[in-house]
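Hydrogens, waters and symmetry mates play no part in the numbers below; they use all other heavy atoms, side chains included. Counting starts at 1 for both ligands and their atoms, following the listed order.
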Amino acid sequence: MAGKLIVFEGVEGSGKTTQLEKSYLWLQANGSDRKIVKTREPGDTELGLGLRQLLLQVKNTQPIYPTAELLLYAADRAQHVQEVLLPSLATDTIILCDRYTDSTIAYQGYGRGLPRSMIDGLNFFATNGLESHLTIWLDVAVEVSLIRTRLRGKCDRIEQADLGFHQRVQEGYNQLAQAFPHRIKRVDASLDEQAVQEQIRAILQQHLSQ
Ligand code: Z5A
């Protein structure tokens, strides 16, 4: 498998989408003759788009139970891996992906409290063992990231969860970064957009030149 799977992770409002877009433009302009694609979870496939609507809409009259939520994210991922990630990796493509398996550990594991063994098993099943080659963790305090998302306007179902939930998610990322230092690289996402982008470029440059 010749391509690269590069994932952007962090709490909502950490700047993933902004930084993924800037990284995409920078990589395109700076030398790589490899194809570069942008993708995201949930919702990059036709099936995934329907699942994304089910997962994030706020109009449900009944709560979605954590186990059902976990299975829906896993279904989105299974389709995404087969339909998008594996075919792209087979053609030497650099994939920039907004969220992947670490999101499930952080949100459904640390956030919702589902057992880690269940999540690891399901992540493995959904991905067929495909891990990211590099994960860029945008680390910013939850109090800052939630102000950013609320300034942006309407909140989705998960953004509406209480502060404690978001803090557990953040702690999940912190633990993951400590556990997998070779795969997960932290950037200080509390800085302005350009300063965050500079850190990311340095990480990308180092990783892609290896
Ligand atoms: N989820 C899950 O629970 N389990 C899973 O397995 C997976 C996902 C895969 C997907 O939502 C939801 O699904 C997500 C986790 C859950 N939870 N929520 N909510 P999404 O795809 O709609 O959104 P998101 O991934 O959470 O991202 P986001 O809210 O769009 O935030 P972001 O992409 O990290 O940030 P942004 O859009 O780039 O920036 C947010 C705002 O901040 C925007 O107005 C920017 O202009 C501003 N911004 C960005 N950077 C800066 C800096 N550096 N300074 C100041 N302001 C900034």
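- Ring orientation note: the planes of Y173 and Y107 are nearly perpendicular, at an angle over 60° on the 30°/60° scale.
- Looking at R52 against ligand 1, only its side chain comes within 4.0 Å, counting heavy atoms.
- The proximity of L191 to ligand 1, defined as any non-hydrogen pair under 4.0 Å, is limited to the backbone.
- Counting heavy atoms from C-beta on, the side chains of L47 and L51 come closer than 4.5 Å.
- Partner of Y110 under the side chain to side chain contact (heavy atoms under 4.5 Å, CB included) criterion, out of I105, N174, I119: I105 alone.
- At a 4.0 Å heavy-atom cut-off, ligand 1 touches R152 through the side chain alone.
- A salt bridge is defined here as a Lys NZ or Arg NE, NH1 or NH2 lying under 4.0 Å from an Asp or Glu carboxylate O, and R183 with D102 meets this definition.
- Salt bridge status for R40 with D44: absent, with no side-chain N to carboxylate O gap under 4.0 Å.
- Using a 4.0 Å cut-off between heavy atoms, L55 makes no contact with ligand 1 at all.
- In the vicinity of D192, heavy-atom distances shorter than 4.0 Å reach the ligand 1 atoms 53 (N).
- Residues L138 and K16 share a closest heavy-atom pair of CD2-N, 3.9 Å.
- From I203, atom CD1 reaches atom CD1 of I6 across 10.5 Å, with rounding to the nearest 0.5 Å.
- When each of T127, T39, L86 is checked for a side chain to side chain contact (heavy atoms under 4.5 Å, CB included) with H80, only T39 meets the rule.
- An N or O contact shorter than 3.5 Å links R99 to ligand 1 by distance.
- Q108 NE2, 3.0 Å is the protein heavy atom nearest to atom 3 (O) of ligand 1.
- Residue, atom and distance of the protein heavy atom nearest to atom 33 (O) of ligand 1 are T17 OG1, 2.4 Å.
- Contacts between Q19 and ligand 1 below 4.0 angstrom, taking non-hydrogen atoms only, are absent altogether.
- One finds the CG atom of L96 at 5.0 Å from the CG atom of L20 (value rounded to the nearest 0.5 Å).
- From the protein, the heavy atom lying nearest to atom 35 (O) of ligand 1 is G15 N, 3.2 Å.
- The protein atom (non-hydrogen) at minimum distance from atom 11 (O) of ligand 1 is L56 CD1, 3.7 Å.
- Look at K38 and E21 and you find a salt bridge, because one of the NZ, NE, NH1 or NH2 atoms lies within 4.0 Å of a carboxylate O, short of that distance.
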Test log, rule side chain to side chain contact (heavy atoms under 4.5 Å, CB included), inputs T104 and E41: CA-CA 10 Å; T104 315; E41 290 191 0; 5.9 Å; no

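- Considering only non-hydrogen protein atoms, atom 38 (O) of ligand 1 sits nearest to T18 OG1, 2.4 Å.
- Looking at ligand 1, you'll find an N or O of K16 within less than 3.5 Å of one of its N or O atoms.
- When each atom of ligand 1 is checked for a heavy atom of R77 under 4.0 Å away, the hits are 6 (O), 9 (C).
- The protein heavy-atom contact nearest to atom 46 (O) of ligand 1 is E193 OE2, 3.8 Å.
- Between the SG atom in C97 and the CZ atom in R77 there is a gap of 8.5 Å [rounded to 0.5 Å].
- Contacts of E12 with ligand 1, taken as heavy-atom pairs under 4.0 Å, involve both backbone and side chain.
- For atom 55 (C) of ligand 1, the closest non-hydrogen atom of the protein is R148 NE, 3.4 Å.
- Of the inter-residue distances, the one linking E12 atom CD with R152 atom CZ reads 8.5 Å to the nearest 0.5 angstrom.
- Ligand 1 has at least one atom lying under 4.0 Å from a heavy atom of G13.
- Remark: ligand 1 and S14 share an N or O pair separated by less than 3.5 Å (distance only, no angle test).
- Of the protein's non-hydrogen atoms, T104 OG1, 2.6 Å is the one closest to atom 6 (O) of ligand 1.
- At a distance under 4.0 Å, no protein heavy atom can be found next to atom 23 (O) of ligand 1.
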